[in-house]
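Scroll down for the structure; my scribbles are underneath it.
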Protein chains: 2
Amino acid sequence: MDIFLKTMGSLNDETRIKILHFIDTNKEVCVCDIENSFEMIQSRISRHLKILKDAGFLKVDRRGRWAYYSIRTPLDEFRLSILKEIAHLELNTPQLQSGCQNGK
Amino acid sequence: MDIFLKTMGSLNDETRIKILHFIDTNKEVCVCDIENSFEMIQSRISRHLKILKDAGFLKVDRRGRWAYYSIRTPLDEFRLSILKEIAHLELNTPQLQSGCQNGK
DNA sequence: TACATATATCAATATATCTTGATATATGTA
DNA sequence: TACATATATCAAGATATATTGATATATGTA
């Protein structure tokens, strides 16, 4: 029950739904890319990423100064169906705006 | 986005998850059956039912003094997958305790 | 009509969650 | 070492949600 509740809770927020879809679309992004693309302050993004990660949607790969977030693989059927549902919402997710000096 | 958010919000509550599963299991129940089975006061149950209905999971059929709640049909793939996921949680849902004089 | 039953809604309070700004930590560079 | 960059976490205030008890509405029965 706990992880299911946590999963639902993670999606009970418009910002997180958009961030999740943004990562799903852009495959791998660092925190400052999201910060820049969404024009939100870093602590806010960081907190939402933690919630999405704890809910089982994301994984982090730390390389150098950066934390790269992407969709966890392999992802279970249920979470995949959620991502699919979100993809169907046709949100106007922002374009990726690189916000740091990671040379990407 | 709005209905998706509402759907997630409706599941972001342990009581509602249990009520939803209870209805899924028992097919059709009236409010006082739930009230009695869960040992919760009526206003609380009534409110949760409204939230689950507005989220697209339930339908109501009013017959006489009673309001019978059941899973909306037909239910879309996404909500069906959620019900399936909840069924897999193995919650210990209470037994149906008829709480009113509906003669069932 | 008067009353009981079943359900819905409201107001007040309690609890949880979100946002912001400040601070902590960790890595890389001059 | 000193400093800048990237990220995480914390505290405070704002906002949202849940619970309770009271009340409203609607149906059926004596």
Side-chain angles (χ1 to χ4, degrees), chain A residues 1-2 5-20 22-23 28-55 58-70 96-104, chain B residues 1-2 5-20 22-23 28-55 58-70 96-104:
Chain A
M1 167 66 106
D2 279 8
L5 252 179
K6 198 177 272 191
T7 304
M8 294 303 110
S10 79
L11 298 166
N12 189 27
D13 182 280
E14 192 163 345
T15 302
R16 280 195 294 271
I17 294 168
K18 287 178 179 165
I19 290 176
L20 184 57
F22 181 79
I23 295 173
E28 192 183 57
V29 292
C30 63
V31 180
C32 50
D33 286 343
I34 307 177
E35 187 186 345
N36 219 252
S37 303
F38 282 82
E39 296 183 308
M40 289 179 186
I41 64 174
Q42 181 268 323
S43 66
R44 185 176 173 186
I45 301 292
S46 198
R47 179 176 180 275
H48 285 315
L49 288 170
K50 179 176 168 51
I51 291 170
L52 287 167
K53 181 164 74 69
D54 291 349
L58 302 181
K59 67 177 163 70
V60 205
D61 187 17
R62 288 173 210 283
R63 298 200 296 272
R65 278 179 271 181
W66 296 276
Y68 292 95
Y69 283 85
S70 55
L96 177 65
Q97 302 285 336
S98 193
C100 49
Q101 302 163 20
N102 67 1
K104 274 210 164 177
Chain B
M1 167 67 105
D2 279 7
L5 252 180
K6 198 176 273 191
T7 303
M8 294 302 110
S10 78
L11 298 167
N12 188 27
D13 182 279
E14 192 163 344
T15 301
R16 281 196 293 272
I17 293 168
K18 287 178 179 168
I19 290 176
L20 184 56
F22 181 78
I23 295 174
E28 192 183 57
V29 291
C30 64
V31 180
C32 49
D33 286 342
I34 307 177
E35 187 186 344
N36 219 253
S37 304
F38 282 82
E39 297 183 306
M40 289 178 186
I41 65 175
Q42 181 269 323
S43 66
R44 184 176 172 186
I45 301 291
S46 198
R47 181 176 179 275
H48 286 313
L49 287 170
K50 180 176 168 50
I51 291 171
L52 287 167
K53 181 163 75 70
D54 291 351
L58 301 180
K59 67 178 164 69
V60 205
D61 186 16
R62 287 174 212 281
R63 299 199 297 271
R65 277 179 271 181
W66 297 276
Y68 293 95
Y69 284 84
S70 54
L96 177 65
Q97 303 285 337
S98 193
C100 51
Q101 302 162 21
N102 67 1
K104 272 211 165 176

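Letters A, B, ... mirror the listed sequences (proteins, then strands); counts begin at 1.
Whole-Å rounding puts the B:Glu35 CD to C:dA8 C1' distance at 12 Å. B:His48 has its NE2 atom 13 Å from the P atom of D:dT17, to the nearest Å. Summarising the geometry, the separation between CG on A:Asn12 and P on D:dT17 is reported as 7 Å, rounded to the nearest angstrom. Here C:dA6 presents its P atom at 17 Å from CG of B:Asp61, a figure rounded to the nearest Å. At whole-Å resolution of the value, CE in A:Met8 and P in C:dT17 are 15 Å apart. When the P atom of D:dT19 is taken as reference, atom CZ of B:Phe38 falls 12 Å away, rounded to whole Å. Rounded to whole Å, the distance from CD on B:Glu14 to C1' on C:dT15 is 15 Å. Summarising the geometry, the separation between CG on B:Leu49 and P on C:dA8 is reported as 7 Å, rounded to the nearest angstrom.
For residues 39-47 of chain B, proximity to DNA chain C is found at B:Gln42, B:Ser43, B:Ser46, defined as any non-hydrogen atom under 4.0 angstrom from a strand atom.
Contact of the A:Leu11 side chain with the A:Arg16 side chain is not registered, since no non-hydrogen atoms from C-beta on lie closer than 4.5 Å. When side chains are defined from C-beta on, B:Ser70 does not count as touching B:Asp61, because their heavy atoms never get closer than 4.5 Å. Side-chain contact between A:Leu96 and A:Phe22 is present, with heavy atoms from C-beta onward closer than 4.5 Å. Residues B:Ile41 and B:Glu35 are not in side-chain contact: their nearest non-hydrogen atoms beyond the backbone lie 4.5 Å or more apart.
Cation-pi geometry between B:Arg63 and B:Tyr68 is met: under 6.0 angstrom from the ring centre, within 45 degrees of the axis.
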### Message
Reading 5' to 3' and counting Watson-Crick or G-U wobble pairs with both distances under 3.5 Å, write the dot-bracket notation for DNA chain C, | for bases paired outside the strand.
### Response
||||||||||||||||||||||||||||||
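Contact detail for A:Asp13 and A:His48: the closest heavy-atom pair is OD1-CE1, 3.8 Å.
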### Task
Would you give a per-nucleotide map of nucleotides 24-30 of chain D, 5' to 3', where B means the base has a protein non-hydrogen atom under 4.0 Å away, S means only the sugar-phosphate does, and - means neither?
---BS--
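The pair B:Lys50-B:Asp54 meets the salt-bridge criterion, with a side-chain N (NZ, NE, NH1 or NH2) lying under 4.0 Å from an Asp/Glu carboxylate O.
With values rounded to the nearest 0.5 angstrom, B:Cys30 atom SG is found 9.5 Å from B:Asn36 atom CG.
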